[in-house]
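What follows is a short report on a single structure.
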Amino acid sequence: MLRCHCQSPSWVVLRVVRWLSRIAPPSPATAEPVIRVSNNVARLGKPKEGPKPRQLLSLPPFPSTGTDPLPGRKKDPAAGGQPRRVTAISWVKHYFADIPPEVIQSHFNKGLVHVESSNHDFQTEENYLMHCLKKIKHNHIMEPGMKIHLPVSAAETKIIKRYDTIPTATLHPNADEIEYIRRLVIHKDSAIIVLNKPPKVPMKGNLPVHNSMDILAAAALSYGSDQGPKLVHRLDRESSGLLLLGRTKESLTRLHWLFTNVNLAKSSSEIWNNACEATTQRYWALVIGSPKEREGIISAPLTKVLLNNGKAERIILAHPSGIDGSQDAITEYRVMGPTINGCSWVELRPLTGRKHQLRVHCAEALGTPIVGDYKYGWFVHQRWKQMPRVDYETLSGKPYKLRRPEGLDVQKGSVLSKVPLLHLHCREMAIPNISKFLGSSGEWLDECNPGSTSKPDLLRIVAPMPSHMKISWNVMSSFLV
């Protein structure tokens, strides 16, 4: 009896599939689902996504030869006239003087710090960061034109409860106000006092204002002297940052000349003149939108107009003809990072000291008013939506949404609040060390005081941001984790 050994069609197909699998193996299987527990409820879902690419913060280009890259630091006498050798970590620590060194060192150890080649034009090149950035070690020697990029998380800080001023009914500050003003002192020597002014504190006192900076400083910062310190320059009531006060008549006069015109403050001392030329102020501001150019110089004269029958005034850009009594105003600016939630961090360096100069230049010259500046950017604030929006990650170009960092209390005044405070902060100041040129009785010395040769010729002071700006900074870097 004959048996039929014919195979069924399904068996033939299975053998063919097995034979083909040896030539072209199947694609690897996807990750197995994991059990995720939230609110005591277990759910079977996909594995958690990895960390997103980090938002990068750009530092200023390393200065060219002939300019001291680290002002305020004494040079090594053994180096002679040789240019200073600056490593990458020294340059980052100098720029972020208010950040703990171990935080910066950890970013280098994790390979999160990159350097950009100076021959790339990132103004027009798309996705330039993917092509011209490379990791840099902490001991790499900086060269002129090098630009360092590091995550915004390097400048994240803890939010500390802000000390609020205590209003009083008299012009004589009480003990709490005196203790409050002394906590603001950042630097003090025989010639000057530097404060970190909080926002919403007026500068000059009059009848309806009792807790102004000049009254508080005169009462709390005399330190046994017959007269208290006097204001050298002013900041807006809503702004914050470094405020300089002179303790002696000679220091107050010299610094007034310096902030008015550098040439007025110069003397026969070459050391003093070089320190006057290196004087600078740097502000950090959060603006709505982003300037068209990432860096540049604004040269736009300003003029003042009176409103409401002379009861109010407003600073505007002057007519080019100059017939309205304009004043020259020059500001250098640099965009520090990408646009997030419709805002950008900008570094401003005023070369002249006009009233509301930075606020008007940002609002009218750049078209990007400062967050919280309702006087010069009211209509832009009306259009600006204070809600999460879609942005694009710099490295990958993928869209993502702003998320609220976990465990972060949104203080009134931050970028997440409905009515944010003014985000303008005088962060850095480099001024001549005037105490080095004053005698024991306060008289001016054209040459350095013999007993102060070890002191630096230039003082560089950095002030941390107020609480509402720290929260806004941390929110901007919430994409990093």
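Summarising the local packing, CD of Glu102 is surrounded by more than 12 heavy atoms from other residues, nucleotides or ligands at distances under 6.0 Å. The number of heavy atoms from other shown groups lying within 6.0 Å of CZ (Arg314) is above 12.
Within the structure, every pair that satisfies the salt bridge (Lys or Arg N to Asp or Glu O under 4.0 Å) test and touches residues 253-267, not counting sequence neighbours, is listed here: Glu250-Arg254, Lys266-Glu277. For residues 83-103, every residue pair satisfying the ring-ring contact (aromatic ring centres under 6.0 Å, His included) rule, not counting sequence neighbours, is listed here: Phe62-Trp91. Residue pairs meeting the ring-ring contact (aromatic ring centres under 6.0 Å, His included) criterion with at least one member in residues 228-272, sequence neighbours excluded: His233-Phe259, Trp272-Phe437, Trp272-Trp444.
Not counting sequence neighbours, Glu143 has no partner by the salt bridge (charged side-chain N to carboxylate O under 4.0 Å, His left out) test. Legend: residues meeting side-chain contact (heavy atoms from CB on, under 4.5 Å) with Ala220, ordered by chain and number and at least two apart, are Ile178, Ile181, Arg182. Every residue two or more places apart in sequence or in another chain that forms a salt bridge (charged side-chain N to carboxylate O under 4.0 Å, His left out) with Lys355 is listed here: Glu313. Take Arg234 and apply the salt bridge (charged side-chain N to carboxylate O under 4.0 Å, His left out) test, not counting sequence neighbours, and it matches no residue. Under the ring-ring contact (aromatic ring centres under 6.0 Å, His included) criterion, His356 pairs with Tyr376, sequence neighbours left out. Scored by the salt bridge (charged side-chain N to carboxylate O under 4.0 Å, His left out) test, Lys436 finds Asp457 as partners (sequence neighbours excluded). The side-chain contact (heavy atoms from CB on, under 4.5 Å) search around Ala191 returns Asp189, Ser251, Ile434, Ser435, Leu438, not counting sequence neighbours. Under the rule for a side chain to side chain donor-acceptor pair (under 3.5 Å), Thr279 has no partner lying at least two apart in sequence or in another chain.
Counting all heavy atoms, side chain and backbone alike, Ser290 lies closest to Ser344 at CB-OG, 3.4 Å. Ala329 approaches Thr352 most closely through the heavy-atom pair CA-OG1, 3.2 Å. Taking all atoms of both residues into account, the shortest heavy-atom contact from Ser299 to Ile330 is OG-CG1, 4.1 Å. What you find for Pro61 and Lys147 is that their closest heavy atoms are CG-CE, 3.4 Å.
Glu364 places a side-chain heavy atom less than 4.5 Å from the side chain of Ile316. Contact of the Ile99 side chain with the Ile104 side chain is registered, since non-hydrogen atoms from C-beta on lie closer than 4.5 Å. Residues Ile288 and Thr368 fail the side-chain proximity criterion, which asks for heavy atoms closer than 4.5 Å. In this structure, the side chains of Leu421 and Lys200 come closer than 4.5 Å at one or more pairs of heavy atoms. The closest side-chain heavy-atom distance from Ile192 to Leu459 is below 4.5 Å. No side-chain heavy atom of Tyr283 sits under 4.5 Å from any side-chain heavy atom of Arg349. Counting heavy atoms from C-beta on, the side chains of Leu195 and Leu221 come closer than 4.5 Å. You'll find the side chain of Gln357 stays beyond 4.5 Å of the side chain of Ile315, heavy atoms only.
For the pair Ser472 (side chain) and Val415 (backbone), a donor-acceptor distance under 3.5 Å is present. For His381 (side chain) and Gly372 (main-chain N/O), a donor-acceptor pair under 3.5 Å exists by modelled atom type. For Ser90 (side chain) and Val86 (main-chain N/O), no donor-acceptor pair under 3.5 Å exists by modelled atom type. At least one donor-acceptor pair under 3.5 Å links the side chain of Lys197 to the backbone N or O of Arg237. Although no hydrogens or angles enter the test, the distance criterion places a donor-acceptor pair under 3.5 Å between the side chain of Asn273 and the main chain of Ser267. Under a 3.5 Å cut-off, the side chain of Lys93 and the backbone N or O of Ala97 do not form any donor-acceptor pair.
No side-chain N or O of Thr87 forms a donor-acceptor pair with one of His140 less than 3.5 Å apart. Checking Gln105 against His138 by side-chain atom types alone, no donor-acceptor pair falls below 3.5 Å. When only modelled atom types and interatomic distance are considered, His361 and Thr331 share a side-chain donor-acceptor pair under 3.5 Å. Inspection of the Ser190 and Arg247 side chains reveals no N or O donor paired with an N or O acceptor under 3.5 Å.
With Asp98 as reference, Arg427 is the one residue of Lys470, Arg427, Arg460 to meet the salt bridge (charged side-chain N to carboxylate O under 4.0 Å, His left out) rule.
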Please tabulate, one pair per line, all N/O donor-acceptor pairs under 3.5 Å involving side-chain atoms of residues 238-245, not counting sequence neighbours.
residue	atom	partner	partner atom	Å
Ser239	OG	Asp236	N	3.1
Ser239	OG	Asp236	O	2.9
Ser240	OG	His425	ND1	3.0

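The side-chain tip of Lys188 points at the ring of Tyr223 from less than 6.0 angstrom away and within 45° of straight on.
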